[in-house]
Asks: 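Handing you this structure, nothing more for now.
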Amino acid sequence: MKWTIVVGRYDKDQPAGSGYPPPFESAAAKRYQTFEVDLPEHAMVLDALIQVREYQDESLAVRCACRSAICGSCAMWINGHANLACTSKLRDFTVDGKVTVESPPSMPPIRDLVCDMTPFWQKNRQVRPWLEGKEPVPAGEEYRVPNAAMENLIQEVGCISCGACLMDCESFAVNQNFLGPAALAKAYRYTADPRDAETRDRLKTYSEPDGVWDCTHCYECVQQCPKGVAPLEQILKLRRMAVEEGFTNNAGTRHAYAFAESVKDSGRLNELTLMPKSFGLLNIRAQLQSLPAAFNMARAGKLPPLIHKKIPGLARIKSIFAKVGGKFK
Amino acid sequence: MILDHDVVVLGAGLAGMRAALEAARAGVKVAVVSKVHPVRSHSGAAQGGINAAIGKDDSWEIHAFDTIKGSDYLADQDAVEIMASEAPRDIIELEHMGVTFFRDDQGKLGTRAFGGASKARTYFVGDITGQALLYTLYDQILKAGVQIYEEWFATALYTVEGACRGAVCIDMLSGELHLLRAGAIIMASGGCGRVYEPSTNALICTGDGIALAYRVGAPLMDMEMVQYHPTTLKGSGFLMTEAARGEGAYLLNASGERFMQRYAPKMMELASRDVVSRSETIEIAEGRGVDDCVFLDLRHLGPEVVMRKLPQIHEMALDFLGIDMLTTPVPVRPGMHYIMGGIKTDATGATAMPGMYAAGECACVSVHGGNRLGANSLLDTLVFGRRSGAASANYARQVQPLTSGEDFLRSEQVRIAALLERPYEGETHARLRLELGTMMDRNVGVYRDEAGLQAALQTIQQLKQRYQHVAVGDKSRVYNQALTFVLELGYMLDIAETIVYSALTRTESRGAQSRTDFPKRNDAEWLKHVVIHSHDGQAPAIDFSPVSITKWPPQERTY
Amino acid sequence: MKVAFWPGCVSKGACPELYVSTHKVADALGLELVELEEAPCTGAGVLSEQNPALADSLNGLTLAMAERQGADLMTICSTCQGVLSGTQFHLANDPARLARVNETLASSGYEYRGTTKVKHLLWILVEDIGLDRLASLVKHKLTGLNVAPFYGCYILRPEEYLGLKERPERSTYLEQIIALIGATPVEYLGKSKCCGFPMLTMNREVSLKMGGKHILEAKSKGADVLVTPCPLCHLNLDGQQPDAAGVMKQPLGVPILHLPQLLGLAFGFAPEDLRLNHHVINTKAALEKVELKV
């Protein structure tokens, strides 16, 4: 079968060409080149790229090794989303007669489909990604832990560091300091390991700015992960663990408590008090920063009713909180 | 640039990282060089597990015997004893490092059955054991602060007065060549699967380190021993872990018969790999296969076992063949998987060349002999990675630092520059590589004979001639993969030649070497290793090395 | 057609224009809205992350209320849709989780059996009412108006909660409706991305940049307006847009329309009746492009 593949070409050494589409045009000089390949119906995007590299244009740079979603080398943008080229079928990704592949604009480009993964590895390094074993280390034998505790970690252990999650992370795209999905998933893997001695210290560190609370909860990482690691789910588990461990002096925790309080007391969200409570009533700077928007909205007639109405049948809600409200009781 | 370290490790798979960790613990200045990021290494593809005799009803002697029997008595028994007896401590150490081994009801390490093993002694993390180990070791070398040169590609070893003292590498990101000088070099660059097409190995498994060592005169051993894995996926050749059979999967022929009952009535599907691969090849050759394949049947295991313990291969069969293992048997065939041979070392990882150590698949201790047991390769990387790390650190401490090397670096720069400028005459690395691989699979695969091997040798010599005319189809400095592919092809041609020479030399059938013209094992003449070496680019020379026999005299081998 | 209607907190709070325009469009379509006045907030994902059991019960109650109406549950908010779909997914696939919810709900007089479907207005428009029927109601084609769709995360992800594996076309409904009413859909990367709202209190600058980036991209592709099925996206994209422009150090000025407002214009309602005069970003210029005045 004939397939058409459009490849974003770039060479750090020889910047030339038209550039990324806005708003990324400043990222790099780049051009798109179209190739035709003849491959079977079930062929993958990576098969097409290898075909091009071997028989049409040896200068095409693309990282790949295992070709079976184990080594994690070949994450790239396919039709505008991060994906592994080796498990993306040409058939599934051909739109209007072509597949478009390129280096993701969120990562520094190097050459063609090869991007600079340094941000990814640095974040990994930042979360202290190793076991700080509990003392005493059992002499000559293993730590005794339930199998369920190990199987609980295997979701993250399955991570192949392809970086697809970070490439499409919305928070990272505008804040390079955010630890990002993969590193935080790895953070969960060691935090939740019953053999680790630094759980509390880890949770404290991860609760700081650019940590767990800087995830925008958009599910891009869950969607893009080729191995079912679901980084967002691991981040949420860390948030829960952090709050339970008492690391509550942050907007994220205050937001959750204010939210719960509002629902418990009225059945609904009180937009008027949620924001100020989340910032912390003494955080004058944040309170002031939010004023212009509140003023704009009030002027447009979009201010929520000043007297927050309770829903009818609130007793039901209170009863639910009483039964399963946990820390929000 | 010239950079100095005490120990430089070439390769960052399990063996390389374990070696680096041990050397760092010994307090010397260590660097790891890898042509890919460490976690991309092919160790991560090992699915099933790692062997150790820890259980009460097991002993390291039984493990050693299984390994020796599996090797068809070609393994050096002193080395096997070391591996089997040290295995438990390495597994426990890995557990302490954080590997999430699956557990039994008591929260102790849990095991699964594996081919060629008389006890269930394979420790595992789902079906991603290699990956779990690889990441844990990567985390450990980060913790230890080991210097990593990632995406650096080695072009030559630097020798001074007969000792190995460094390596020249291309930094892929800049295209610059650098000389890494060291007191000792550890070769840990993995296998050479891509010499064959198809192969279960990643595209990066091109035997770079084996060839580099061979080129500077280090002897290679057991190179004829190329393992074909019995269950590789139809078409792509991807690995379907032996753990599937360990968990109870069947092998069926076209008529649905469990044909292994005719070849290995006791062990059935869990006979050792050479035996199962030969049986499959016979089934297919005698017309009881379908499209050159037999079937791996997991249906009776049920979704619970498959999805919990073998999710990765379930996903792969679905992705690459559109087959759901839960309802349909998967077509598989024997495929090139592993080379038992490699750079000849002693049990400390030392090679015949001073200053050069080797560990893992690129090395040959020899603990696998004629056939490696499943789940012994991860063990090999850890035990001998650790040992070579310790020994090399010790050695490097006693070596005088170098001031020379600039000339050598310059000569490599000139050689690479000339290669880049070679004009295009119609030969490409991709075509030559494909010709080499398919020929090796055809002539130097499960069954071999004199005529086929001679033809192979002739083809390799022709390919070597044509290789002199292969151009590099990329002129950029940054991430020039065309250049590294051409260099890799050169390595693979050298290795192919050593495999064929060695296979021609051994006129018997043992382990993975099945000569149809010499179908019997011949202990009287061939209870010895074939060693091959070459100096200054001259034709290969053959030597022999005795097999160490400690407690287990050769017996007839049945499963 | 009758639906149990869950308006969500925001349409009854800071986005009254969504509530009003939804009723206008529903009337035109003959869609009977039985509002669940006693249903609680979904928790917007905030409660479920800290206390899954609590969120399960609150949303289980809403689902049970709809079930008692014998009708599908309609949302007009991508976030409500995502959270309710998520609850429904978990309760359908985990009997123990369902049992726990019903145990909690027992004293409230409700039980959730798992028969009702949760559908966003957007899905009902295309899947139940149908594009033909919609087309027949268009009185004022919005020809020449470039409309950039903005879905909001939770109506698209995770796919398995939202039936996108079975119906991948759900990620194109906005474009289909935009085209149907004579306007031109603007293709841009940001359409399926995050508006930044969930981060607003945690990291304001990042939140504003997120939204601002997508508005800027849509604008550079010629968008006159954005349309969204999510009032939380609206809060960030419209309510915070002047601040976002400040953070981005670039003028933005792109009006953000709620889905029923856009449809209402095509159905011939006056802009004031759809409360298009109650936006932070003035809609005047965009409306003039299609010969409408506010």
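In the text below, chain A, chain B and the rest are named by the order of the sequence lines, each starting its count at 1. Here the structure is a predicted model, which means the values were calculated and not measured.
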Asks: Only pairs of heavy atoms separated by less than 4.5 Å count here; which of A:Leu153, A:Ile160, A:Leu60 has the most with chain B?
Replies: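 Looking at each of A:Leu153, A:Ile160, A:Leu60 in turn, A:Ile160 comes out on top.
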Asks: Below 4.5 Å, heavy-atom pairs only: which of B:Gln140, B:Arg431, B:Glu150, B:Gln47 has the largest tally toward chain A?
Replies: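 Most heavy-atom pairs within the cutoff with chain A belong to B:Arg431.
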Asks: Chain B heavy atoms under 4.5 Å from A:Pro226: which part of the residue, side chain, backbone, both or neither?
Replies: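 For A:Pro226, the contact with chain B is made by the backbone alone.
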Asks: Select one option (side chain, backbone, both, neither) describing which atoms of B:Val99 are under 4.5 Å from chain A's heavy atoms.
Replies: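 B:Val99 touches chain A through backbone heavy atoms alone.
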Asks: Can you list everything that forms a ring pair (Phe, Tyr, Trp, His ring centres under 6.0 Å) with A:Trp3? Sequence neighbours excluded, please.
Replies: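 For A:Trp3 there are no ring pair (Phe, Tyr, Trp, His ring centres under 6.0 Å) partners, ignoring immediate neighbours.
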Asks: Give the interface residues of residues 83-92 of chain A toward chain B, defined by a heavy-atom separation under 4.5 Å.
Replies: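 Those residues of residues 83-92 of chain A which have a heavy atom under 4.5 Å from chain B are A:Cys86, A:Thr87, A:Lys89.
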Asks: Using a 4.5 angstrom heavy-atom cutoff, name the option from A:Ile70, A:Asp112, A:Val137 with the most pairs to chain B.
Replies: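 The residue among A:Ile70, A:Asp112, A:Val137 with the greatest pair count is A:Ile70.
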Asks: Got B:Phe102 and A:Ile154 here, is their nearest side-chain heavy-atom distance under 4.5 Å?
Replies: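 The answer is yes, as the side chains (C-beta and beyond) meet within the 4.5 Å cut-off.
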Asks: Please identify each residue that fulfils ring pair (Phe, Tyr, Trp, His ring centres under 6.0 Å) with A:Tyr190, with sequence neighbours left out.
Replies: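 A:Tyr190: no ring pair (Phe, Tyr, Trp, His ring centres under 6.0 Å) contacts found.
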Asks: Go through the atoms of A:Val114 and report whether side chain, backbone, both or neither lie under 4.5 Å from a heavy atom of chain B.
Replies: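 Side chain only.
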Asks: Listing request: all side-chain hydrogen bond (donor to acceptor under 3.5 Å, both in side chains) pairs with a residue in residues 92-104 of chain B, at least two apart in sequence or in separate chains.
Replies: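 Passing the test, one end in residues 92-104 of chain B: A:Arg195-B:Glu95, B:Arg18-B:Glu93, B:Arg25-B:Glu93, B:Glu95-B:Arg103.
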Asks: What's the shortest heavy-atom distance between B:Met316 and A:Ser68, and which atoms?
Replies: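 For B:Met316 versus A:Ser68, the nearest heavy atoms are CE-CB, 4.0 Å.
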Asks: Against chain B, work out which of A:Asp57, A:Asp193, A:Val62, A:Asp116 has the most heavy-atom pairs shorter than 4.5 Å and name it.
Replies: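 With the most close heavy-atom pairs to chain B, the winner is A:Val62.
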Asks: Side chain, backbone, both or neither: which part of B:Leu318 has a non-hydrogen atom closer than 4.5 Å to chain A?
Replies: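 Answer is backbone: N, CA, C or O of B:Leu318 sit under 4.5 Å from chain A.
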Asks: Of the listed residues (A:Gly133, A:Pro146, A:Gly228, A:Gly72), which shares the most heavy-atom pairs with chain B below a 4.5 Å separation?
Replies: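 Result: the option with the highest number of such pairs is A:Gly72.
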Asks: Show, in sequence, the C-alpha distance, side-chain angles and deciding distance for A:Trp121 and B:Val39, and conclude whether the side-chain contact (heavy atoms from CB on, under 4.5 Å) test is met.
Replies: CA-CA 11 Å; A:Trp121 302 118; B:Val39 302; 3.5 Å; yes
Asks: Select one option (side chain, backbone, both, neither) describing which atoms of B:Arg477 are under 4.5 Å from chain A's heavy atoms.
Replies: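 It is both, since atoms from each part get that close.
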Asks: Would you call A:Glu151 and B:Arg308 a salt bridge, taking side-chain N to carboxylate O under 4.0 Å as the test?
Replies: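 A salt bridge links A:Glu151 with B:Arg308.
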Asks: Pick one of side chain, backbone, both or neither for A:Asp47, based on which atoms fall under 4.5 Å of a heavy atom in chain B.
Replies: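 Answer is neither: A:Asp47 stays 4.5 Å or more from chain B.
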Asks: For chain B, which candidate among A:Cys66, A:Ala43, A:Ser161 shows the most heavy-atom pairs at distances under 4.5 Å?
Replies: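 Looking at each option in turn, the highest pair count goes to A:Ser161.
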Asks: Sub-3.5 Å donor-acceptor pair from the side chain of A:Glu141 to the main-chain atoms of B:Lys108, do we have one?
Replies: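 Such a contact is absent between A:Glu141 side chain and B:Lys108 backbone.
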Asks: Side chain, backbone, both or neither: which part of B:Phe320 has an atom under 4.5 Å from a heavy atom of chain A?
Replies: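 Backbone plus side chain of B:Phe320, per the 4.5 Å heavy-atom cut-off to chain A.
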Asks: If you take all heavy atoms of A:Leu131 and B:Gly98, which pair is closest and at what distance?
Replies: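 What the structure gives for the nearest pair is CD2-CA, 3.7 Å.
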Asks: Which atoms of B:Phe238 come close to chain A, meaning under 4.5 Å heavy atom to heavy atom: side chain ones, backbone ones, both, or neither?
Replies: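 Side chain only.
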Asks: Any heavy-atom pair between the side chains of A:Asn124 and B:Tyr138 that's under 4.5 Å?
Replies: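 Yes, at least one pair of side-chain atoms sits under 4.5 Å.
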Asks: Below 4.5 Å from any heavy atom of chain A, which atoms of B:Ser43 appear? Answer side chain, backbone, both or neither.
Replies: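 When you check distances to chain A, no heavy atom of B:Ser43 falls under 4.5 Å.
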Asks: Using a strict cut-off of less than 4.0 Å between a Lys/Arg side-chain nitrogen and an Asp/Glu carboxylate oxygen, indicate whether B:Asp474 and A:Arg111 qualify as a salt bridge.
Replies: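 Result for this pair is yes, salt bridge flagged.
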Asks: Once rounded to the nearest 0.5 Å, what's the spacing between atom OG of B:Ser236 and atom CE of A:Met44?
Replies: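 Here the rounded value is 8.5 Å.
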Asks: Looking at CG of B:Asp139 and CZ of A:Arg125, how far apart are the two atoms once the value is rounded to the nearest 0.5 Å?
Replies: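 One gets 10.0 Å once the value is rounded to the nearest 0.5 Å.
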Asks: Please lay out, stage by stage, how B:Phe485 and A:Arg53 fare under the test side-chain contact (heavy atoms from CB on, under 4.5 Å).
Replies: CA-CA 11 Å; B:Phe485 291 156; A:Arg53 188 172 72 177; 3.3 Å; yes
Asks: For A:Pro138, is it the side chain, the backbone, both, or neither that has a heavy atom closer than 4.5 Å to a heavy atom of chain B?
Replies: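 A:Pro138 touches chain B through backbone and side-chain heavy atoms alike.
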Asks: Decide yes or no on side-chain contact (heavy atoms from CB on, under 4.5 Å) for B:Tyr135 and A:Val157, but give the supporting numbers first.
Replies: CA-CA 8 Å; B:Tyr135 273 81; A:Val157 173; over 6 Å; no
Asks: Which heavy atom in B:Leu203 sits nearest to a heavy atom in A:Cys64, and how many Å separate them?
Replies: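 Looks like CD1-SG, 3.8 Å.
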Asks: Return the minimal non-hydrogen interatomic distance between B:Ala471 and A:Glu58, and the atom names on each side.
Replies: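 Residues B:Ala471 and A:Glu58, closest heavy atoms: O-OE1, 4.1 Å.
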Asks: What are the two closest heavy atoms between A:Gly158 and B:Ile128, and how far apart are they?
Replies: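 Taking every non-hydrogen atom into account, CA-CD1, 3.7 Å.
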Asks: Where do B:Asp105 and A:Asn147 land on the side-chain contact (heavy atoms from CB on, under 4.5 Å) test, with the steps shown first?
Replies: CA-CA 7 Å; B:Asp105 300 344; A:Asn147 191 50; over 6 Å; no
Asks: Is any side-chain heavy atom of A:Lys227 less than 4.5 Å from a side-chain heavy atom of B:Gln312?
Replies: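 When only atoms from C-beta onward are counted, B:Gln312 and A:Lys227 do touch, with a gap below 4.5 Å.
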Asks: If you count heavy-atom pairs under 4.5 Å between each of A:Arg189, A:Arg144, A:Glu142 and chain B, which one has the most?
Replies: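 The residue among A:Arg189, A:Arg144, A:Glu142 with the greatest pair count is A:Glu142.
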Asks: Among B:Glu151, B:Met172, B:Arg40, B:His37, find the residue that satisfies the side chain to side chain contact (heavy atoms under 4.5 Å, CB included) test when tested with A:Arg63.
Replies: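 Per the side chain to side chain contact (heavy atoms under 4.5 Å, CB included) rule, the option paired with A:Arg63 is B:Glu151, out of B:Glu151, B:Met172, B:Arg40, B:His37.
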Asks: Does any backbone or side-chain atom of B:Leu434 lie under 4.5 Å from a heavy atom of chain A? Answer side chain, backbone, both or neither.
Replies: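 When you check distances to chain A, only side chain atoms of B:Leu434 fall under 4.5 Å.
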Asks: How many angstroms lie between CG in B:Leu483 and OG in A:Ser59, if you round to the nearest 0.5 Å?
Replies: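 If I round to the nearest 0.5 Å, the distance is 13.0 Å.
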Asks: Flag the one option from B:His429, B:His42, B:Arg433 with the top tally of heavy-atom pairs under 4.5 Å to chain A.
Replies: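 Most heavy-atom pairs within the cutoff with chain A belong to B:His429.
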Asks: Can you say whether B:Val36 sits under 4.5 Å from chain A via the side chain, the backbone, both, or neither, judging by heavy atoms?
Replies: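 No part of it gets close to chain A.
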